[in-house]
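The chains referred to below are lettered A, B, ... by the order of the sequence lines, with proteins before strands, and numbering in each begins at 1.
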Amino acid sequence: MVTKLPKVDVVTTGMGWTGGIVAAELTKAGYHVVGLERGVERSIEDYLHGHDELKYNIHKELMQKLTKDTITFRNTLNDTAKPVRDEGALVVGTGTGGGGAHWGGQTYRYFPYDFEIRSKTIEKYGEGKIPADVTIQDWGITYDEIEPYYSKFEQMAGISGEPDPLAGHRSIDYPTPPLKKLPQMKMFHEASEKLGYHPFVVPTANVSETYTNPDGETLNACQYCAFCGNYGCEYGAKADPIVTVIPTAKKTGNFELRTNSIVTRVLYDGTKATGVLYKDTRTGEEFEQPADLVVLTSYIFNNVRLLLLSGIGKPYNPKTGEGIIGKNYTDHHTITGAIGYFEEKKFNSYIGTGSLGSAFNDFNADNFDHANLDFIHGGQIELHLFGNEPISNNPAPFGTPTWGKEFKKNSLHYFYRNLSVVSQRAILPHKDHYLDLDPTYTDDYGDPLIRVTFDYTEMDHKRNEFLVEKINEVVKEMGADIIDIIPMAEHFGGRFTFQHDGGGVIMGDSPENSAVNNYMQMWDVDNLFVCGASAFPHFGPTNPTPTVGALAYRATEGMIEYLKNGGGPLVPKK
Amino acid sequence: MSEQEKKSPILDKRSSRRTFIKNSGLTVGGLVLGGAIGSLVGGKTETTTHTATGGSTHTAIDYSDTRQFFVRQKDFDALSTAAELIYPEDEHGPGAITLGAPYFIDKQLASPWGINTDDYRKGPFQPGEVPLDKAEIMLQGVRKINEVAEKEHDGKVFKDLSEEQQITILSTFEAGEVKMDLVNSAAFFGLLRTLTLQGCFSDPLYGGNKNMAGWKMKEFPGAQMSYASYLDEEEFVLIDPISLGGHKHS
């Protein structure tokens with residue numbers, strides 16, 4: 001039996017960054033928002049006993065347990081997908097804060113090139129530069145159009161940083177100064193400047209000084225304690241929905257949070273989304289929550305899955321190229337580079353934050369000439385000081401056995417005598433990479449799991465070869481005695497460990513090429529908005545959250561306009 | 001001064017506080033440090049020497065060093081021997097046994113983690129997938145280690161073999177060359193190695209890294225609350241470690 005509840009203005013599915021931003025903006029505008037969250041309610045008090053590598057970093061305490069559901073994965077259309085079974089191999093946040101509880105807080109913007117990747121590539125290199133099966137497209141929004149929303153996200157989250165000289169223009173400075181430049185970072189700056197590059201200190205949501213945001217929420221100063229990415233911050237020094245947008249929503253009196261509530265269907269009458277169906281995860285009791293606006297604010301896997309399970313939109317078919325839901329899935333878990341070992345140095349590498357470090361973008365986006373290269377886009381070259389934890393870090397030069405006396409000797413000797421320089425790179429979509437419903441495996445309720453089909457392309461390998469060569473030069477210039485290049489696996493191995501996935505409900509300028517417009521509004525169902533990296537037509541070179549946040553802020557403007565004007569599409573159909 | 005103490009890098013001269021402790025016996029540092037020095041010098045994990053502020057000394061037995069999961073001594077012996085081979089005691093400091101890694105592993109396998117409660121466990125299991133839980137893999141693995149030892153060395157169990165013989169056997173597991181039931185021996189070895197390192201370096205609250213001796217050997221400061229005052233340090237700064245339990249007692 002389903003209990004039908006009174007209708008509300010807005011219902012969201014999940015209370016991470018996108019759910020929190022929607023709740024804050026819509027409640028401030030006077031609308032009644034119900035936030036459904038499958039996990040529990042969290043507070044920074046939960047993190048006071050949290051400096052525990054085994055519990056948080058290894059056993060992933062803050063993430064969704066895979067007991068009830070997971071995803072399945074295969075490399076190619078011809079393989080049978082297997083479930084991702086190991087809790088450590090699928091990182092998806094849960095509870096209030098969601099991914100914003102455990103994130104490291106790196107907050108780069110994507111480049112102007114990213115938003116118009118297809119046009120700009122063709123303009124400069126001709127259509128032949130893009131392989132036929134690489135399904136890149138313009139995002140239906142330009143950098144200039146998204147810029148104010150990036151600023152809004154940064155002001156809300158208190159981002160600490162300094163401008164990247166090679167990035168798009170900024171209408172306003174970062175709200176707080178960058179984190180301190182540690183000696184290792186100074187080495188990186190010196191070496192990369194000497195090579196002619198343009199390093200900057202990584203922008204971060206680990207806030208450098210006490211900051212009060214425009215909504216009146218205060219973030220505290222980061223303590224560099226190194227229990228950051230995969231952990232929650234007990235200081236409230238890492239921007240997290242539970243110390244920013246969720247309290248903002250609560251203060252209005254218009255927000256109702258319901259935890260232990262898992263949404264199983266979007267209710268759809270063929271024209272509109274009429275509400276959602278959800279279950280109490282403890283009792284199994286089922287509820288219908290009607291709403292004027294339904295906003296999907298889960299992680300991308302669940303956003304796509306809810307649409308497919310609810311029969312909304314046309315599922316993508318990789319064989320014909322028809323359909324849109326599930327299209328352009330991109331994984332962003334491959335970060336390779338080089339480790340340098342320094343005999344004469346001993347760094348205080350226990351110090352760190354989830355995003356302390358430095359980077360440069362001379363080989364990112366189209367900041368360098370690709371005319372004689374057989375790939376497009378690029379990657380950011382970066383040094384991170386996350387804080388070397390003792391279980392996860394047993395560094396030893398290649399050739400050292402992985403156990404026994406020599407392993408022990410070398411891993412102790414080099415524990416504080418190594419630095420890694422890596423690159424995050426863009427991942428471009430491919431016609432065979434997509435999400436659909438698995439034909440075999442189900443969740444506890446009998447609903448099919450999401451199936452991921454993904455592998456590396458030739459371009460991914462070429463891009464990697466190019467970038468590691470540049471990285472090698474930097475590490476050499478930094479004075480490393482031994483340099484080991486971390487090899488990139490030939491095939492993606494199915495470990496989804498950073499919560500960096502994109503696509504499946506992609507945005508664009510027309511219903512022909514996209515599921516949502518640039519307000520995250522579904523072309524086919526105008527009162528259904530789908531927020532998150534599910535909208536990314538390709539995965540930009542760096543961490544997704546600022547772009548996810550910026551798009552969510554823009555979406556809330558559209559939602560308010562929609563509710564004020566009594567409906568209708570926010571962008572005319574071409 | 002014992003031979004081991006002379007060689008121990010955690011008692012080196014980089015920290016004046018440590019030098020002071022070394023020279024003055026066990027009278028400074030309260031309960032935590034007293035216990036740490038006691039176990040390191042003696043190489044024992046089962047006893048902790050406490051020097052109370054009042055001056056009276058007593059020896060407490062660590063009753064948590066008792067098996068929950070491994071019911072047969074022989075299985076636990078094989079586990080302990082294998083863990084010590086992976087992370088051996090040497091001139092750099094204690095090994096897996098002194099650090100309590102075998103008891104850590106025992107506790108982990110007896111916990112919900114040992115039966116994969118946070119993993120997706122629905123079938124069908126396809127070829128290459130392991131339908132066993134971690135406790136089953138580890139139990140089968142350590143029994144297999146003894147089985148191979150006894151078969152190849154006239155009935156001698158693994159712990160009674162020479163180190164060279166032990167390393168040879170463990171290497172065949174690592175290479176995936178030992179036939180096991182529903183799991184590859186390389187996967188078992190990987191789990192054993194992972195658990196051993198966790199037992200050496202996780203917070204002592206889980207029963208390994210006894211007295212934070214793993215952290216001291218690695219010069220890791222543990223569960224510190226802030227490094228904000230060390231950001232400009234150009235030279236390495238050795239900081240006394242603290243555990244989560246230490247916060248409670250400090």
Side-chain angles (χ1 to χ4, degrees), chain A residues 49-55 58-60 63 65-70 80 82-87 90 179-183 221-227 234-235 345-348 350-352 387-391 394 402-405 407-409 411-413 415-416 440-444 449, chain B residues 9 85-88 90-93 95 108 113 116-126 128-130 167 170 174 189 192-194 196-198 200-203 205-206 209 214-215 217-228 230-237 239 242-244 247:
Chain A
H49 199 66
H51 290 195
D52 183 340
E53 183 186 8
L54 186 68
K55 182 175 180 176
I58 294 177
H59 291 169
K60 311 287 186 202
M63 315 311 170
K65 303 305 174 198
L66 307 187
T67 318
K68 290 181 176 175
D69 59 82
T70 182
T80 302
K82 290 174 184 164
V84 176
R85 297 186 179 278
D86 169 15
E87 59 165 349
L90 177 59
L179 291 176
K180 284 278 254 183
K181 214 186 267 180
L182 264 56
C222 175
Q223 297 300 305
Y224 300 79
C225 76
F227 293 90
E234 72 273 28
Y235 292 103
K345 304 256 183 193
K346 195 169 174 189
F347 307 110
N348 291 314
Y350 43 77
I351 302 173
N388 288 358
E389 293 178 291
I391 301 172
N394 295 285
T402 58
W403 54 284
K405 286 176 183 155
F407 164 72
K408 182 181 177 186
K409 179 177 161 234
S411 60
L412 287 175
H413 176 71
F415 185 54
Y416 290 117
T440 307
Y441 295 94
T442 64
D443 68 9
D444 264 7
L449 302 179
Chain B
L85 290 169
I86 288 170
Y87 213 78
D90 63 6
E91 68 271 26
H92 305 288
Q108 288 290 304
W113 184 85
N116 299 39
T117 50
D118 294 342
D119 293 349
Y120 184 79
R121 302 290 287 159
K122 295 185 209 302
F125 285 87
Q126 297 177 45
E129 290 195 289
V130 181
I167 289 173
L170 209 51
E174 183 190 23
F189 179 84
L192 171 68
R193 178 186 179 274
T194 298
T196 301
L197 292 174
Q198 289 174 1
C200 296
F201 301 116
S202 59
D203 191 283
L205 78 90
Y206 297 102
N209 185 20
W215 288 350
M217 174 168 54
K218 219 166 180 172
E219 300 177 317
F220 180 70
Q224 299 289 332
M225 296 309 287
S226 174
Y227 293 120
Y230 299 96
L231 306 177
D232 294 324
E233 295 286 350
E234 295 283 341
E235 298 299 318
F236 185 73
V237 181
I239 300 172
I242 188 162
S243 63
L244 286 168
H247 285 294

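For B/E235, the part sitting under 4.5 Å from any heavy atom of chain A is the backbone (N, CA, C, O) and nothing else. With a 4.5 angstrom heavy-atom cutoff, B/Y206 touches chain A only via side-chain atoms. Contact annotation for A/I58: only side-chain heavy atoms (C-beta onward) come within less than 4.5 Å of a heavy atom of chain B. For B/R193, the part lying under 4.5 angstrom from a heavy atom of chain A is the side chain only. Using a 4.5 Å cut-off between heavy atoms, B/I167 contacts chain A through both its backbone and its side chain. Only the backbone of A/F347 comes within contact range of chain B, with at least one heavy atom under 4.5 Å from a heavy atom of that chain. Both the backbone and the side chain of A/Y441 come within less than 4.5 Å of a heavy atom of chain B. Of the two parts of B/Q198, the backbone and the side chain both hold a non-hydrogen atom closer than 4.5 Å to a non-hydrogen atom of chain A. Both the backbone and the side chain of A/K55 come within contact range of chain B, judged by heavy atoms closer than 4.5 Å. Both the backbone and the side chain of A/I351 come within contact range of chain B, judged by heavy atoms closer than 4.5 Å. Contacts between A/K60 and chain B at a heavy-atom distance below 4.5 Å are absent for every atom of the residue. For chain B, the nearby part of A/T440 is the side chain; its heavy atoms alone come within less than 4.5 Å. Heavy atoms closer than 4.5 Å to chain B are found in the side chain of A/K180, but not in its backbone.
Between the side chain of B/E219 and the main chain of B/M217, no donor-acceptor pair closer than 3.5 Å is present. In this structure a side-chain-to-backbone donor-acceptor pair under 3.5 Å is present from B/D203 to B/L244.
Residues A/Y350 and B/Q224 have side chains not in contact (no heavy-atom distance under 4.5 Å, counting atoms from C-beta outward).
Ion pairing between a basic and an acidic side chain is recognised when a charged N comes within 4.0 Å of a carboxylate O; B/K122 and A/D443 show no such pairing.
Residues B/F201 and B/F220 place their aromatic rings such that the two centres sit no closer than 6.0 Å.
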